[in-house]
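What you are looking at is a predicted structure, and each value in this text was computed from that prediction instead of being measured. We use all heavy atoms of the structure for the numbers below, so side chains are in, but hydrogens, waters and symmetry mates are not.
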Amino acid sequence: MSIDRNEMIQKLQACKSYTNEPFPYKSGKLVNPLHSRMIRRYFKKSAGLDLDAIAASGLSTWEKVLKVSEFVSAHIPHDNQKEPMKELNAFTLWQYAQRVPTGFNCRWHAILLSELLLSIRIKNRFVTCMPEDKSDQDCHVVNLVWLPELNKWAMIDSDMQEYVTAPDGTPLSLEEMRAEVIAGRELNVHRNSDQAGVEYMQAYWAKNLYWFTIHMTYGYGLEGARMLPDKYVSLVPPDYRIPLRHSFAAQNVTTNASAFWRG
């Protein structure tokens, strides 16, 4: 798909500034230590991934994130999934990947990576990144991970095998990436592909940084068949209306970016 990067940048630059409207949402946590141990044991036995060793290593949080993300990328290609699943979690997604070696899409990648990281106490969320064009159904889902050493969030994408950094090598969050694109600067994309792939992501991100949706809960089993206390919250530019076809269109929407990313 061809994307006009300059046109996408202009759309972002034309957005009204975010507001300081009240943000009545609080983040929740659904991370059971017993479930975490089950994930670590299962993946060591079935996949050879020693999450306990990664957790106990002297690596920084970001270095641990890269190791786990690289594992997911190396074992699961990007593809549209061939069959639906009612339960979406680390176990069922890994089992699907063994059964269907062609892989699955960015959302399933992000769910799997999220649960693996949570099992070693790395706080993270998966975020749906959306375009301005209401007829464009192509979005992207990535993970935001909390880096306590740097006191900041950072984006990691096991599906496209990429992350983005500042010139000094500091990994950037989605909020920071959006600001870079609005400023007209190219993103410093680190990706396991040729230069054409890196250049494509410049336009792809310019398109899909228009509005965002997250679960206000971070934890296990957030999607698929579930009955958990949770809500979606979407961050949109002022005056933007989410298309009614989206399942979260009628849910919680804010124009307060600082509170949304802090939540």
Can Thr213 and Ser234 be said to form a side-chain hydrogen bond (donor to acceptor under 3.5 Å, both in side chains), step by step? CA-CA 4 Å; Thr213 294; Ser234 297; 2.7 Å; yes

Within the side chain of [X], is there an N or O that forms a donor-acceptor pair under 3.5 Å with the backbone of [Y]?
X	Y	value
Asn105	Trp108	yes
Glu21	Thr255	yes
Ser69	Val65	no
Arg125	Ile214	no
Asn143	Ala110	yes
Glu115	Gly221	yes
Trp211	Pro131	yes
Glu149	Thr61	yes
Gln161	Arg191	no

Salt bridge (Lys or Arg N to Asp or Glu O under 4.0 Å) with Asp50: of Lys64, Lys44, Lys45, only one passes, and it is Lys44

For a side-chain contact (heavy atoms from CB on, under 4.5 Å) with Met155, tell me which candidate from Thr165, Val142, Val127 qualifies.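 Among the candidates, only Val142 passes.
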
Could you tell me whether Glu223 and Arg107 have a side-chain N and a carboxylate O separated by less than 4.0 Å? yes

Under a 4.0 Å N-O cut-off, is there an ion pair linking Asp239 with Lys16? yes

Specify the closest pair of heavy atoms between [X] and [Y], including all atoms of both residues, with the distance to one decimal.
X	Y	value
Leu174	Leu209	CD2-CD2, 3.9 Å
Arg5	Arg185	NH2-O, 3.7 Å
Arg178	Cys15	NH2-SG, 3.6 Å
Ala97	Phe104	CB-CE2, 4.1 Å
Asn188	Ala166	ND2-O, 3.8 Å
Trp62	Ala154	CZ3-CB, 3.9 Å

Given the rule in the side-chain hydrogen bond (donor to acceptor under 3.5 Å, both in side chains) test, do Glu63 and Ser60 qualify, once you have shown the distances and angles that lead to the verdict? CA-CA 5 Å; Glu63 290 169 328; Ser60 69; 3.3 Å; yes

When you look at Gln81 and Val100, which way does the side chain to side chain contact (heavy atoms under 4.5 Å, CB included) test go after all the steps? CA-CA 8 Å; Gln81 40 266 28; Val100 186; over 6 Å; no

Tell me, please, which residues at least two apart from Gln202 pass side chain to side chain donor-acceptor pair (under 3.5 Å). none

Using 0.5 Å steps for rounding, measure from the [atom1] atom of [X] to the [atom2] atom of [Y].
X	Y	atom1	atom2	result
Met216	Tyr25	CE	OH	9.0 Å
Tyr220	Ser114	OH	OG	8.5 Å
Arg41	Leu51	CZ	CG	13.0 Å

Before you tell me yes or no, could you show the steps for Lys152 and Glu176 under salt bridge (charged side-chain N to carboxylate O under 4.0 Å, His left out), namely the whole-Å CA-CA distance, both residues' side-chain angles and the distance that decides it to 0.1 Å? CA-CA 10 Å; Lys152 72 183 300 292; Glu176 293 167 323; 2.9 Å; yes

Ile3 and Tyr204: side chain to side chain contact (heavy atoms under 4.5 Å, CB included), yes or no, with the steps? CA-CA 7 Å; Ile3 303 170; Tyr204 192 71; 3.9 Å; yes

Evaluate Lys207 against Asp138 for salt bridge (charged side-chain N to carboxylate O under 4.0 Å, His left out), listing each step before the verdict. CA-CA 10 Å; Lys207 179 178 83 74; Asp138 173 64; 3.2 Å; yes

Using the rule that two of Ile, Leu, Val, Met, Phe, Trp, Tyr join whenever any of their side-chain heavy atoms come within less than 4.5 Å, decide whether Leu150 and Ile156 are in one cluster.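 Leu150 and Ile156: one cluster.
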
CA sep, side-chain torsions, deciding dist, call: Thr254, Asn256, side-chain hydrogen bond (donor to acceptor under 3.5 Å, both in side chains): CA-CA 5 Å; Thr254 186; Asn256 186 335; 5.3 Å; no

List the steps and the verdict of side-chain hydrogen bond (donor to acceptor under 3.5 Å, both in side chains) for His140 and Asn208. CA-CA 7 Å; His140 196 40; Asn208 285 325; over 6 Å; no

Centroid-to-centroid, [X] to [Y], below 6.0 Å?
X	Y	value
Phe126	His109	no
His35	Phe91	yes
Phe71	Trp94	yes
Tyr210	Tyr240	yes

On the ring face of Tyr96, is Lys82 found with NZ or CZ under 6.0 Å from the centre and within 45° of the axis? no

Arg99 vs Glu83, side chain to side chain contact (heavy atoms under 4.5 Å, CB included): CA-CA, chis, key distance, verdict: CA-CA 11 Å; Arg99 187 170 69 251; Glu83 58 186 67; 2.7 Å; yes

If you draw a 6.0 Å radius around NZ in Lys11, do more than 12 non-hydrogen atoms from other residues or ligands fall strictly inside?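 For Lys11, atom NZ is crowded (more than 12 foreign heavy atoms under 6.0 Å).
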
Please test Asn124 against Leu118 for side chain to side chain contact (heavy atoms under 4.5 Å, CB included), starting from the C-alpha separation and ending with a verdict. CA-CA 7 Å; Asn124 76 92; Leu118 289 173; 3.5 Å; yes

